[in-house]
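Structure first, commentary second.
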Amino acid sequence: MIELQVPLGERSYPVLVGAGARHRLLELLPVGVRRAAVVTQEAIGWDVDPGVEHQVFTIGEGEDAKHLGTVEDLCRDLAQWGFTRGDVVVAVGGGVVTDVAGFVAAVYHRGVPVVHVPTTLLGQVDAAIGGKTGVNLPEGKNLVGAYWQPSAVLCDTEVLGTLPPREYRSGLGEMAKYAFLGVDRLPDLPLDEAVAACVRCKADVVASDEREGGRRAILNYGHTLAHAIETEGGYDLRHGEAVAVGLVYAAEVARRLRRIDDDRVAEHRRVVAGYDLPLAVPAGLDPQRLVDLFSRDKKAVRGVTFVLDGPDGVEPVAVADRALLLDALEACRAPT
Ligand code: NAD
């Protein structure tokens, strides 16, 4: 078992990575906790044993379940059960479950402890780490939320065995991102070590900038194009697959700005292809429309802010040259 820390002073917490990590739940519950509310989904099919009195609460599937109505339902269930700050929420699921359960933990009684047991690869390398929680509004994704750090995270790699292949691939897209954020030789590592290396990288970034005042934005590497593709909708790409295309695109943009050379672009393509992820923007998407969408990204503060690789590593960069953005898109077109 690999044991890591997210170092945040008094709010530091352990992250365990490895097969069977979920069995360590009891020892990682906050001291003196009386009861546990386990929040999960029917489809997940993995139980945890908190070792204290507990009840299981299931939520619906997908982005449609990630809304304020689900938060209200869960809070009411907890209130009817007499849940207090001496109890703990345990989220068992992918990013949808940990985002919703984490947000419930942030707001119920103005904050109760939460332990995450992420069951998707994307959850283990990304969503369950770092304390961002929240839900969608009809107006957009993740528009309501809170920073609420968990008290522990258990990344049990055994549970990834039942993940549908598309979901696994989606996680690989987020994983590929870390290969460019300083995790060396990531594709060569065994799964447990690869997950742990990504967690270590995210923990380091979060520790330096918990509330995304600056550096944390690098975790959005590859996401500007990914969000534009997802906003256009109707294309059969999971989030991590769209991020994979976004990584290649970001490299093409960076090369045109002379921030990186051809070899580094080739490395992006090699890593993404090595994970069997898509390299090209789905056919049929209008490049002009995609570039229009870049500037509407929630993370775009002024104009189009891209996260780009360069001599000093990956960092946010303002890009004003529309022709350059279109030209880089051309380099990411599927062959016809
Ligand atoms: P998801 O939570 O929808 O899970 C994908 C599917 O896999 C679901 O149908 C789920 O029921 C099923 N599943 C989960 N674990 C399983 C298992 N072990 N075996 C079989 N089936 C299983 O999707 P996701 O990709 O994990 O998360 C996406 C969400 O995460 C998005 O809403 C995104 O906004 C959020 N997210 C949050 C952060 C953050 O920092 N908070 C970061 C990245 C993504």
Side-chain angles (χ1 to χ4, degrees), residues 6 15 19-22 39-48 58-67 70-71 91-106 114 116-137 140-150 153-175 177-178 191 195 198-199 201-203 205-206 209-212 216-223 226-227 230-231 237-244 246 297-299:
V6 181
V15 182
R22 70 189 185 285
V39 179
T40 189
Q41 288 166 328
E42 298 281 0
I44 285 165
W46 290 93
D47 298 328
V48 293
T58 53
I59 66 168
E61 279 285 323
E63 293 299 318
D64 291 348
K66 221 178 111 169
H67 65 87
T70 307
V71 174
V92 181
V96 166
V97 171
T98 53
D99 274 12
V100 170
F103 186 56
V104 165
V114 60
H116 290 317
V117 184
T119 62
T120 61
L121 183 57
L122 187 138
Q124 297 191 356
V125 299
D126 200 356
I129 313 291
K132 279 191 183 177
T133 72
V135 294
N136 306 326
L137 292 177
K141 265 194 74 166
N142 298 330
L143 291 185
V144 176
Y147 286 97
W148 191 248
Q149 299 293 345
V153 182
L154 303 175
C155 298
D156 190 335
T157 46
E158 187 184 343
V159 310
L160 302 179
T162 57
L163 206 53
R166 269 325 266 292
E167 300 301 341
Y168 193 81
R169 264 160 63 86
S170 182
L172 288 176
E174 288 288 353
M175 189 175 250
K177 168 185 87 180
Y178 290 99
L191 180 63
V195 170
C198 296
V199 169
C201 180
K202 180 154 185 185
V205 173
V206 168
D209 178 23
E210 187 181 3
R211 290 180 173 240
E212 203 159 314
R216 189 167 175 161
I218 70 171
L219 295 170
N220 298 316
Y221 191 43
H223 283 61
H227 288 153
E230 288 172 324
T231 303
L237 284 188
R238 293 286 293 138
H239 176 69
E241 295 173 316
V243 170
D297 201 280
K298 176 155 61 80
K299 305 279 163 58

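First listed ligand is number 1; within each ligand, the first listed atom is number 1. These numbers were taken from a predicted model, which means no experiment stands behind them.
- Looking only at protein heavy atoms, the nearest one to atom 44 (C) of ligand 1 is L122 CD2, 3.6 Å.
- Between the K177 side chain and the L219 main chain, a donor and an acceptor come within less than 3.5 Å of each other.
- Numbered from 1 in the order shown, with element, the atoms of ligand 1 that lie under 4.0 Å from a heavy atom of D99 read 34 (O), 35 (C), 36 (N), 37 (C), 39 (C), 41 (N).
- Among protein heavy atoms, the minimum distance from atom 26 (O) of ligand 1 is reached at T120 OG1, 2.7 Å.
- The heavy-atom pair separating C155 from P118 by the smallest distance is SG-CG, 3.9 Å.
- Nearest heavy atoms, I59 versus V39: CG2-CG1, 4.0 Å.
- Panel note: side chain T70, backbone K66; no donor-acceptor pair is recorded below 3.5 Å.
- Near Q41, the atoms of ligand 1 lying under 4.0 angstrom from a non-hydrogen atom of the residue are 10 (C), 11 (O).
- One N or O on the side chain of Q149 and one on the backbone of G130 form a donor-acceptor pair closer than 3.5 Å.
- When only interatomic distances are considered, the shortest N/O to N/O separation between V96 and ligand 1 falls below 3.5 Å.
- Every N/O-N/O distance between S170 and ligand 1 stays at or above 3.5 Å.
- Of the possible polar contacts, one joining the E241 side chain to the R238 backbone as a donor-acceptor pair under 3.5 Å is found.
- The two residues K132 and Y147 come nearest to each other via the heavy atoms CG-CE2, 3.7 Å.
- Among L219, T162, V125, T119, the residue whose heavy atom sits closest to atom 20 (C) of ligand 1 is T162.
- Counting only heavy atoms of the protein, atom 21 (N) of ligand 1 lies nearest to P164 CD, 3.8 Å.
- Geometrically, ligand 1 and V159 share a nitrogen or oxygen pair separated by less than 3.5 Å.
- Any N or O atom pair closer than 3.5 Å counts here, and D126 shares no such pair with ligand 1.
- Within the listing of ligand 1, atoms 40 (O) sit less than 4.0 angstrom from a heavy atom of K202.
- Contact check for T40 versus W46: no side-chain heavy atoms found under the 4.5 Å cut-off.
- At a threshold of 4.5 Å between non-hydrogen side-chain atoms, the residues I129 and H116 do not count as touching.
- Between the D99 side chain and the T133 main chain, no donor and acceptor come within less than 3.5 Å of each other.
- Remark: the H223 side chain and the E230 side chain contain no N/O donor-acceptor pair separated by less than 3.5 Å.
- Among all non-hydrogen protein atoms, the one lying nearest atom 7 (O) of ligand 1 is E167 CG, 3.9 Å.
- Scanning all protein heavy atoms for the shortest distance to atom 42 (C) of ligand 1 gives A127 CA, 3.5 Å.
- Of all atoms in ligand 1, listed by their number and element, those nearer than 4.0 Å to a heavy atom of I44 are 11 (O), 13 (N), 14 (C), 15 (N), 19 (N).
- When every heavy atom of L121 is checked against every heavy atom of L160, the shortest pair comes out as N-CD2, 3.4 Å.
- The contact set between ligand 1 and E63, taken as ligand atoms under 4.0 Å from a residue heavy atom, comprises 31 (C), 32 (O).
- When the heavy-atom distances from atom 23 (O) of ligand 1 to R238, E158, Q124, H239 are ranked, the shortest goes to R238.
- There is a protein heavy atom closer than 4.0 angstrom to atom 5 (C) of ligand 1.
- Ligand 1 places these atoms under 4.0 Å from at least one heavy atom of W46: 18 (N).
- Ligand 1 lies nowhere less than 4.0 angstrom from a heavy atom belonging to P118.
- Within the 3.5 Å criterion, the main-chain N or O of G20 finds a donor-acceptor partner in the side chain of D156.
- Ranking the protein heavy atoms by distance from atom 9 (O) of ligand 1 puts E61 OE1, 2.4 Å first.
- Residue K141 approaches ligand 1 through these ligand atoms, each under 4.0 Å from one of its heavy atoms: 31 (C), 33 (C), 34 (O).
- Considering both main-chain and side-chain atoms, G95 comes within under 3.5 Å of ligand 1 through a nitrogen or oxygen pair.
- With hydrogens and angles ignored, the 3.5 Å screen pairs a side-chain donor or acceptor of R216 with a backbone N or O of E210.
- Annotation: atom 22 (C) of ligand 1 to nearest protein heavy atom, L163 CD1, 3.7 Å.
- Between R216 and ligand 1 there is no heavy-atom distance shorter than 4.0 Å.
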